[in-house]
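What follows is a set of notes on a single structure, which appears directly below.
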Amino acid sequence: MTEVKNQPEERSLNFIEEIVEEDLKSGKHESVLTRFPPEPNGYLHIGHAKSISLNFGLALKYGGKTNLRFDDTNPVTEETEYVDGIKEDIKWLGFTWANEFYASDYFEELYEFAVTLIKEKLAYVDDSSSEEIAAMKGTPTEPGKDSPFRTRSIEENLQLFADMRAGKYKDGEKVVRAKVDMASPNMQLRDPIIYRIKHAHHHRTGDKWCIYPMYDFAHGQSDAIEHITHSICTLEFVTHRPLYDWFIEKLKIFPSKQYEFARMNLTYTVMSKRRLLQLVNDKHVSGWDDPRMPTITALRRRGYTPESIRTFNEKIGVQKRDNIIDVSLLEFCIREHLNRIALRRLVVFDPLKVILTNYPEGFEMVRSENNPEDENTDSREIPFSRELYIEREDFMENPPKKFFRLAPGQKVRLKSAYIIQCDEIIKEADGSIKEIHCSYLPESKSGADTSGLKVQGTLHWVSVPHAITAEVRLYDRLFRVEDPMSEEGDFKDYVNPDSLQTISAAYAEPSLRNAKFDERYQFLRKGYFCLDKDSSEEKLIFNRTVTLKDTWAKEKKKG
RNA sequence: UGUCCCAUAGUAUAAUGGUAGUACGACAGAUUUUGGUUCUGUUUGUCGAGGUUCGAAUCCUCGUGGGACAACCA
């Protein structure tokens, strides 16, 4: 009777899944073929991850396939470096494409499509300048005017188009436009340009072409060539859909259908390749993979797991309304995963020396669990000695109420070791605290505590003679404001100046000497960390992926 | 003031004419050798006005608000 309880929660379908299920049920399509179509002019960001999850997820869910297709129709901005980066990111996210295609694979077919249109009197070569074309285009509220070249003969158009391809004209001298409707209320339909001249080296076709198709003339046709059943893109292409359908109809090719969803926005960051590139170029960050960036490569470097990003994508859903997702949801997803898999380690960032006056010379090894959430992980030994470092902020000479840490006369437990009590504060000449002298309770050892004492606080620590040092990089949100784009002025004015704090020498327990790149760590009471790619044999560098939730910090703020 | 898209707690997301639910956040408490985790509880919502209907978040109309579109970018 109560068995329903453990059933996985049934998730309702998003609007695209509904369309797919309907198409499958009605027999419109026998299977699903989607595509992920990045332009190789920058790195993928978390917003793209939503599209990747959607496209690949749809195929996975309904037993279909997904092609990876690089939309490489603009040679001046596109580079092979980006192609490689994008492929790596998709693989890392855990998805596998059926075919790796390029819009440039179809240049010859696309050229023929344009010839077909010309022959049907549905396209023409226009000698007008860019400015003239813009002027004749009209405005959203006023119709456009026909170009004087609109009525050229088929033969002349064919010849001119062939000459364009042959390289007889300079950039911008001529374009090919589709003949749709200069009076259409939809601006996209006012004789859109479908081919332009660019004497530029293409990352794949080299110098074979000097004319390149525009997005609208490449995307839908590429979908059709591949027999994509559901071509999913973002909302800004809604107004392009009539054009998408128009080309498919006029060319009588496979009727792929375009569906649009709202792109994702995240608080405290920006989400466009153009703006991210600005941050890189203006050196606000060290590069596309600076861990503060919302790019996939940066998230990976920062320690995010692909699982957490996929979970995040499931949670945010798919819809058509503008949205800005609270970054705390992303943080929740990564904490939830890391809590399950991260190995616990003790690391002191800002050391305060503690001398245990009644502890003998030498040291002992104490045992500590690697992950209390996972019974399968074992434990490790940590050296404990008479001289220790604790976190400076874990001691206060005059503590406020509810300060459960170390203070004169106050007792705390040292994690996996003993209860200690503060007896004396040793100060420097300037009055600052040099070290504190404590006594430990031998009968309070972890696992064999017969002291009967209950203490409120437990601190992390390291043994001074055994500690190793490491650099620790603490990251915070890239922007000071939730939505930099909605603020006055340049979005770059709102970059958070404290988004990176570097601790050049933190003191870590010796087991971290063997830290591995594929392992995740929780530095107790500090946050989740991973080894940074800048690390070397001589120098360990850790990135903070995300902090732990800190209710004490909130308490302090309240005053 | 053209065409198109959208509107449910602070943020997201369900309810597909029949009890407005879930997650994150926030707040409070319990547990805790991490002020973590876990658990419990509280809080806040259908943009507005009409209409259809026994019944409307859902369908219709008109408003209001937000967004997209005028690159030889994608």
Side-chain angles (χ1 to χ4, degrees), chain A residues 9 11-14 18 37-39 41 71-74 76-78 126 129-130 133-134 137-144 171-177 184-190 193-198 212 214-216 218-219 233-242 260 262 264 267 273-274 315-333 335-336 339-340 344 346 368-369 372-373 402-405 412-417 419 444 446-447 449 454-460 482 522-527 547-556:
Chain A
E9 199 178 313
R11 203 168 59 84
S12 51
L13 302 178
N14 65 50
E18 280 179 7
E39 182 188 12
N41 67 345
D71 229 329
D72 56 351
T73 57
N74 185 3
V76 304
T77 56
E78 295 153 6
D126 195 331
S129 70
S130 174
I133 289 175
K137 199 138 204 172
T139 69
T141 52
E142 296 166 84
D171 287 12
E173 235 177 291
K174 286 183 165 42
V175 292
V176 181
R177 300 175 72 181
S184 171
N186 180 346
M187 297 293 289
Q188 308 303 140
L189 263 23
R190 322 249 261 229
I193 293 167
I194 60 175
Y195 261 96
R196 76 293 212 185
I197 300 168
K198 273 180 193 284
Y212 293 92
M214 297 287 288
Y215 166 85
D216 285 306
H219 202 100
C233 62
T234 45
L235 244 33
E236 64 268 32
F237 293 101
V238 169
T239 52
H240 294 241
R241 193 187 334 127
E260 312 87 6
M264 175 187 59
T267 54
K273 280 193 278 190
R274 209 188 92 233
K315 286 185 188 291
I316 62 174
V318 177
Q319 74 307 109
K320 295 180 86 154
R321 53 191 108 113
D322 297 324
N323 61 86
I324 180 159
I325 311 279
D326 197 328
V327 72
S328 63
L329 181 60
L330 214 211
E331 292 176 344
F332 167 81
C333 291
R335 282 194 188 106
E336 184 187 50
N339 179 48
R340 294 193 325 256
R344 313 292 134 126
L346 304 183
S368 191
E369 74 280 359
E373 307 297 317
K402 293 210 272 186
F403 184 80
F404 303 147
R405 307 176 183 184
V412 293
R413 171 167 298 278
L414 295 178
K415 173 68 184 174
S416 298
I419 292 174
S444 67
S446 279
D449 186 352
K454 282 262 179 240
V455 291
Q456 298 241 53
T458 300
L459 308 185
H460 61 283
E482 271 200 8
Q522 185 198 97
F523 294 173
L524 238 62
R525 307 207 297 140
K526 285 297 186 184
T547 60
L548 257 25
K549 271 216 304 210
D550 190 350
T551 47
W552 172 243
K554 276 185 206 163
E555 191 69 31
K556 268 195 300 190

Original post:
Mapping A:F404 and A:I325 to their closest nucleotides on RNA chain B, which lands nearer the 5' end?
Top reply: A:I325
Original post:
Taking for each residue the nucleotide of RNA chain B bearing the nearest heavy atom, is the 5' side occupied by A:Y215 or by A:R274?
Top reply: A:R274
**OP:** Would you check if the side chain of A:D216 reaches a backbone N or O of A:M214 as a donor-acceptor pair within less than 3.5 Å?
**Re:** no
Subject >> Donor-acceptor pair, side chain of A:E78 and main chain of A:N74, under 3.5 angstrom >> reply: yes
So what's [N] paired with, Watson-Crick or G-U wobble, going by both distances under 3.5 Å?
{"N": "B:G63", "value": "B:C47"}
{"N": "B:A9", "value": "none"}
{"N": "B:G2", "value": "B:C69"}

**OP:** Would you please determine if the base of B:G35 is stacked by A:W552, with stacking meaning a centroid separation under 5.5 angstrom and planes under 30 degrees?
**Re:** yes
**OP:** Pick base, sugar-phosphate or nothing for A:I419, based on heavy-atom distances below 4.0 Å to the nucleic acid.
**Re:** nothing
Subject >> Any donor-acceptor N/O pair under 3.5 Å between B:U33 base and A:R413 side chain >> reply: yes
Subject >> Heavy-atom closest pair, residues A:S446 and A:R413 >> reply: OG-NH1, 3.4 Å
**OP:** Considering non-hydrogen atoms only, spot the tightest contact between A:W552 and A:K402 and give its length.
**Re:** CZ3-O, 3.4 Å
Subject >> Euclidean distance, atom CD of residue A:Q188 to atom P of B:C72 [Å, nearest integer] >> reply: 11 Å
